[in-house]
Amino acid sequence: MVLSAETRIGTSPAAILSFFDKMEETYTRWHPDHHAFRWIAGRGVRPGVICELDETIAGKRQRKKVRYVRVADDYIEFRPTSRAIRLFLPRMLFRITPEGNGCRVVQEIHIRIGPIGAWLNRKELDAVRQHMQQEGENLKLLLEEST
């Protein structure tokens with residue numbers, strides 16, 4: 001199952017990558033349910049760098065350590081460092097596609113869950129979808145106001 005959200009942002013791919021590269025400064029402004037971000041091994045959005053995300057989704061506080069695994073001018077992919085979590089949440093990514101005078105940003109969260117699990121966890125999955133949509137809208141506001 002793939003949860004996704006898409007946002008059109010009037011800025012360059014470089015500005016979007018810069019936002020993610022400065023996540024220590026931008027994370028808590030990005031969404032009101034983001035509490036803290038820290039680099040653990042390395043800094044910046046580069047393959048091999050590990051960071052920790054602290055956020056609330058569906059009323060539950062979540063701390064995740066993730067490793068950036070693929071990074072390009074138009075793509076950021078990261079995975080949980082925990083093998084156990086990767087069994088159910090193998091990867092998360094952002095695709096950045098230039099369009100006209102801006103970009104289309106697609107967020108994806110890949111989840112291994114069957115139809116029964118999806119039904120049993122539908123409220124939590126809906127909350128994740130809503131959180132992703134809000135992140136896209138807030139990213140748009142933050143980046144377009146700075147240009």
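- Connection of V66 to V69 is not established within any shared hydrophobic cluster, with ILVMFWY side chains joined at heavy-atom distances below 4.5 Å, either directly or through further cluster members.
- Counting heavy atoms of neighbouring residues, nucleotides and ligands inside a 6.0 Å radius, atom NZ of K65 does not exceed 12 of them.
- Under the 4.5 Å side-chain heavy-atom criterion for ILVMFWY residues, no single connected hydrophobic cluster contains both M23 and L141.
- Separating the CD atom in E108 from the CE atom in M132 is a distance of 8.0 Å, to the nearest 0.5 Å.
- Contact check for R46 versus V71: no side-chain heavy atoms found under the 4.5 Å cut-off.
- Note: the hydrophobic cluster containing L3 does not contain L120 (ILVMFWY, side chain heavy atoms under 4.5 Å, direct or indirect links).
- With hydrogens and angles ignored, the 3.5 Å screen pairs a side-chain donor or acceptor of N121 with a backbone N or O of G117.
- Rounding to the nearest 0.5 Å places CZ of F20 at 10.5 Å from CZ of F37.
- When each of D73, L143, D74 is tested with I16 by the rule side chain to side chain contact (heavy atoms under 4.5 Å, CB included), just one qualifies, namely L143.
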Stepwise side chain to side chain contact (heavy atoms under 4.5 Å, CB included) check, R129 with Q133 = CA-CA 6 Å; R129 286 184 189 97; Q133 190 62 45; over 6 Å; no
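- Two residues are said to be in side-chain contact when any heavy atoms from C-beta on lie closer than 4.5 Å; F94 and V105 meet this criterion.
- Using a 4.5 Å heavy-atom threshold, the side chains of H35 and R63 count as separate.
- Using a 4.5 Å heavy-atom cutoff, the side chains of E55 and K64 are in contact.
- With a 4.5 Å cut-off on side-chain heavy atoms, L93 and H110 count as touching.
- Pairing each heavy atom of R38 with each of E24, the nearest pair is CA-OE2, 4.3 Å.
- Remark: L87 CG is packed, more than 12 non-hydrogen atoms of other residues, nucleotides or ligands lying under 6.0 Å away.
- Using a 4.5 Å heavy-atom cutoff, the side chains of Y68 and P47 are not in contact.
- In the hydrophobic cluster analysis, where Ile, Leu, Val, Met, Phe, Trp and Tyr join through side-chain heavy atoms closer than 4.5 angstrom, V128 is grouped together with L139.
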**Report entry** Chi angles and distances behind the side chain to side chain contact (heavy atoms under 4.5 Å, CB included) call for I76, L17
**Finding:** CA-CA 9 Å; I76 301 169; L17 288 173; 3.6 Å; yes
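- Here R95 contributes atom CZ and T97 contributes atom OG1; the two are 8.0 Å apart, rounded to the nearest 0.5 Å.
- In this structure, R83 places its CZ atom where only 12 or fewer heavy-atom neighbours from other residues, nucleotides or ligands lie under 6.0 Å away.
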Item to complete: With side chain to side chain contact (heavy atoms under 4.5 Å, CB included) as the test, would you mind laying out the steps for E145 and L142 before giving the verdict?
Response: CA-CA 6 Å; E145 77 181 15; L142 289 168; 4.1 Å; yes
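- Of all heavy-atom pairs spanning M92 and P80, the tightest one is CE-CD, 3.9 Å.
- Annotation for I50 and R67: closest pair CD1-NH1, 3.4 Å, computed over non-hydrogen atoms.
- Ionic pairing of K123 and D126 is not present here: no N-O contact between side-chain nitrogen and carboxylate oxygen is shorter than 4.0 angstrom.
- Side-chain contact between L125 and I111 is present, with at least one heavy-atom pair separated by less than 4.5 Å.
- Neither Y75 nor I109 shares a network with the other; the hydrophobic side chains, linked directly or stepwise wherever heavy atoms of I, L, V, M, F, W or Y lie under 4.5 Å apart, form separate groups for each.
- No side-chain heavy atom of E137 sits less than 4.5 Å from a side-chain heavy atom of T7.
- When all heavy atoms are compared, the tightest approach of R86 to R112 is O-NH1, 3.1 Å.
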